[in-house]
Student: 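This is the structure, below, for whatever I ask next.
Just so it is clear, the values below take in all heavy atoms, side chains as well, and ignore hydrogens, waters and symmetry mates. All figures in this text were calculated on a predicted structure; none of them were measured in a lab.
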Amino acid sequence: MKLATAAYQMDFLNSWDDYVAKLTEWVSEAASNGAELMVFPEFGCMELATLKGRATAMDLEASLHAVNELIPRVDALHAELAKAHGAHILAASAPVFDPAYGPRPVNRARFFAPSGAMVVQDKQIMTRFEREDWDVVPGCPLQLFDTSLGKIGILICYDSQYPLLGRALSEADMILVPSTTEAAYGFNRVRSGCRARAIEQQCITVMSSTVGDCDWSTSVETSRGRGGVFGPPDTGFPEDGIIAQGVMDRPGWTYADVDLDAVARVRKDGVVLNRTHWDEQAGRDHPAELRSLS
């Protein structure tokens with residue numbers, strides 16, 4: 001199948017129609033290039049706060065509420081586009097105030113099928129900014145989605161840097177990693193996490209990013225990144241594990257043709273079998289004894 005993963009530039013929007021036109025253009029472009037799966041980044045929905053004006057978009061707390069209020073309309077638009085193009089779409093994640101998780105928002109990605117059906121995945125572990133400044137909280141546990149494209153899991157940005165979260169998705173053929181990172185340091189942490197999870201679970205990982213400057217925001221004021229698609233450096237995959245990657249900080253789609261049968265083959269008969277041998281760590285993973293060498 002062919003997938004498209006975004007390096008997404010957020011804009012100051014003057015009207016809801018501006019957002020509809022922008023998203024429609026992005027999705028239509030990917031569909032015209034044959035993409036069956038489209039992956040937008042973490043917090044790409046924060047541009048919607050500009051619909052309430054610059055002052056609201058610049059205010060950390062006000063921007064959370066402004067975006068949350070629009071999510072039902074955003075989701076309806078994504079469902080419509082998914083049906084129109086017969087595609088799976090991972091919408092840009094957004095702050096959502098869900099009473100099931102208390103008075104503070106979760107960071108929620110919504111995943112749409114060609115039928116328009118929607119499932120959600122919340123971020124598990126918050127970054128320092130999310131927990132110390134924004135007070136965003138963890139939401140629903142990790143889930144695995146059985147789709148017509150294969151079994152797909154989602155690790156939002158920082159979550160990709162935790163091996164045990166990747167292991168919870170060990171049955172996934174593909175793990176989607178929507179991200180937003182303000183510096184190359186952060187981008188490379190997430191990228192390294194994606195590559196490590198692809199090796200450990202012998203699967204495909206797909207990273208999307210926000211890119212560019214947003215002088216109307218104090219939460220997503222600058223972003224560095226690019227799209228990337230990774231697999232294990234093993235039988236049936238590129239020798240460096242990089243299936244596709246975009247140009248750093250250049251907005252647009254990165255496309256990749258992926259073969260999920262290759263995942264099954266490398267898990268069964270790869271040069272190494274990391275996923276199968278994972279449990280052999282048990283009993284050997286206790287804190288190492290400190291010994292003196294002199």
Side-chain angles (χ1 to χ4, degrees), residues 5-13 22 26 39-50 52 54-68 90-96 104-109 121-139 154-162 165 175-197 205-230 245-254:
T5 187
Y8 186 77
Q9 169 74 62
M10 289 179 282
D11 295 314
F12 192 100
L13 303 169
K22 179 181 180 181
W26 272 80
V39 183
F40 286 98
E42 179 186 35
F43 283 132
C45 280
M46 292 311 299
E47 64 185 347
L48 291 162
T50 62
K52 291 291 186 73
R54 182 176 293 270
T56 295
M58 290 287 289
D59 185 292
L60 284 179
E61 186 66 15
S63 67
L64 291 170
H65 292 274
V67 174
N68 172 75
L90 181 69
S93 81
V96 173
R104 297 305 302 165
V106 298
N107 180 355
R108 176 164 291 173
Q121 179 60 68
D122 297 337
K123 193 170 186 176
Q124 305 296 293
I125 301 176
M126 300 300 110
T127 62
R128 290 192 64 185
F129 175 75
E130 286 172 307
R131 66 180 70 203
E132 295 173 14
D133 297 310
W134 245 4
D135 196 16
V136 177
V137 299
I154 301 166
L155 293 175
I156 300 176
C157 200
Y158 194 40
D159 288 349
S160 69
Q161 298 173 44
Y162 290 88
L165 298 184
I175 298 174
L176 310 182
V177 182
S179 74
T180 186
T181 51
E182 66 178 359
Y185 293 113
F187 162 75
N188 282 302
R189 285 194 299 270
V190 178
R191 183 177 184 271
S192 296
C194 288
R195 300 193 68 185
R197 305 297 79 81
T205 56
V206 183
M207 179 181 180
S208 58
S209 300
T210 52
V211 295
D213 297 326
C214 300
D215 64 3
W216 42 262
S217 175
T218 55
S219 58
V220 289
E221 56 189 332
T222 188
S223 299
R224 302 287 313 277
R226 58 182 170 182
V229 183
F230 311 103
Q245 60 183 348
V247 177
M248 193 69 177
D249 300 329
R250 180 185 294 175
W253 290 114
T254 294

Student: Salt-bridged, E61 to R104, with N to O below 4.0 Å?
Tutor: yes
Student: If every non-hydrogen atom of V67 is compared with every non-hydrogen atom of A94, which pair is closest and at what distance?
Tutor: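 For V67 versus A94, the nearest heavy atoms are CG1-CB, 4.1 Å.
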Student: Are side-chain N/O atoms of T50 and E47 paired as donor and acceptor at under 3.5 Å?
Tutor: no
Student: To the closest 0.5 Å, what do you measure between NZ (K52) and CG (L13)?
Tutor: 13.5 Å
Student: Report yes if some heavy atom in the side chain of R250 is under 4.5 Å from a heavy atom in the side chain of R226; otherwise report no.
Tutor: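 They are not in side-chain contact.
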Student: In the structure I gave you, are the side-chain heavy atoms of K123 and C157 within less than 4.5 Å of one another anywhere?
Tutor: yes
Student: Treating N68 as the side-chain partner and L64 as the backbone partner, does any N or O pair qualify as donor plus acceptor under 3.5 Å?
Tutor: no
Student: Within the structure provided, determine whether V190 and T181 are in side-chain contact (heavy-atom separation under 4.5 Å).
Tutor: yes
Student: Between the main-chain N or O of A62 and the side-chain N or O of T56, is there a donor-acceptor pair closer than 3.5 Å?
Tutor: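 No.
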Student: Answer yes or no: is there a donor N or O on one side and an acceptor on the other, between the side chain of S217 and the main chain of S219, under 3.5 Å?
Tutor: yes
Student: Are the side chains of P41 and Y8 in touch, meaning some heavy atoms are under 4.5 Å apart?
Tutor: yes
Student: Quick one, E42 with T210, criterion side-chain contact (heavy atoms from CB on, under 4.5 Å). Give me CA distance, side-chain angles, the key distance, then yes/no.
Tutor: CA-CA 7 Å; E42 179 186 35; T210 52; over 6 Å; no
Student: Is any side-chain heavy atom of F187 closer than 4.5 Å to a side-chain heavy atom of E182?
Tutor: no
Student: Can a donor-acceptor pair be found, under 3.5 Å and without considering hydrogens, that links the side chain of D159 to the backbone of I125?
Tutor: yes
Student: With distance as the sole criterion, is a donor-acceptor pair present between the side chains of Q245 and R191 under 3.5 Å?
Tutor: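 Yes - a donor-acceptor pair under 3.5 Å links their side chains.
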Student: Any sub-3.5 Å donor-acceptor pair from S223's side-chain atoms to T180's backbone N or O?
Tutor: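 No: the side chain of S223 does not pair with the backbone of T180.
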Student: Hey, could you give me the CZ/OH distance between R131 and Y158, rounded to the nearest 0.5 Å?
Tutor: 6.5 Å
Student: With V206 as reference, evaluate L90, I175, I154, V229 under the side-chain contact (heavy atoms from CB on, under 4.5 Å) test and give the passing residue.
Tutor: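 Filter result, single survivor: V229.
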Student: Restricting to non-hydrogen atoms, name the atom on W26 and the atom on A6 that form the minimum distance, rounded to 0.1 Å.
Tutor: CZ3-CB, 3.8 Å
Student: Would you say the side-chain atoms of S209 pair up with the backbone N or O of G225, donor to acceptor, closer than 3.5 Å?
Tutor: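 It does not hold such a pair.
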Student: Any side-chain heavy-atom pair from R54 and D215 closer than 4.5 angstrom?
Tutor: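 Yes, close enough: below the 4.5 Å cut-off.
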Student: Taking the side chain as every heavy atom from C-beta outward, state whether D249 and R224 have any atom pair closer than 4.5 Å.
Tutor: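 Yes, close enough: below the 4.5 Å cut-off.
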Student: Taking W253 for its side chain and G246 for its backbone only, find out whether a donor-acceptor pair lies under 3.5 Å.
Tutor: no
Student: Tell me the closest heavy-atom pair linking S179 and S208, and the distance in Å.
Tutor: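 Closest approach of S179 to S208: OG-O, 2.7 Å.
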Student: How far apart are the C-alpha atoms of C194 and F230, what are their side-chain angles, what is the distance that settles it, and do they pass the side-chain contact (heavy atoms from CB on, under 4.5 Å) test?
Tutor: CA-CA 7 Å; C194 288; F230 311 103; 3.8 Å; yes
Student: Do the two ring centres, one from W134 and one from F43, sit under 6.0 Å apart?
Tutor: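 Judged by ring-centre distance (under 6.0 Å), W134 and F43 do meet the cut-off.
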Student: Does any N or O in the side chain of Q9 come within less than 3.5 Å of the main-chain N or O of P251, such that one atom is a donor and the other an acceptor?
Tutor: no
Student: For the CG atom of N107 and the OG atom of S93, what is their distance to the nearest 0.5 Å?
Tutor: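 These two atoms lie 4.0 Å from each other.
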Student: Rounded to the nearest 0.5 Å, how far apart are OG1 of T218 and CG of D59?
Tutor: 7.5 Å
Student: Can you check whether M207's main-chain N or O pairs, donor with acceptor, with T5's side chain at less than 3.5 Å?
Tutor: yes
Student: When you measure from the side chain of S63 to the backbone of L60, do you find a donor-acceptor pair of N or O atoms at a distance under 3.5 Å?
Tutor: yes
Student: Are any non-hydrogen side-chain atoms of M126 and E132 less than 4.5 angstrom apart?
Tutor: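 No, their side chains stay 4.5 Å or more apart.
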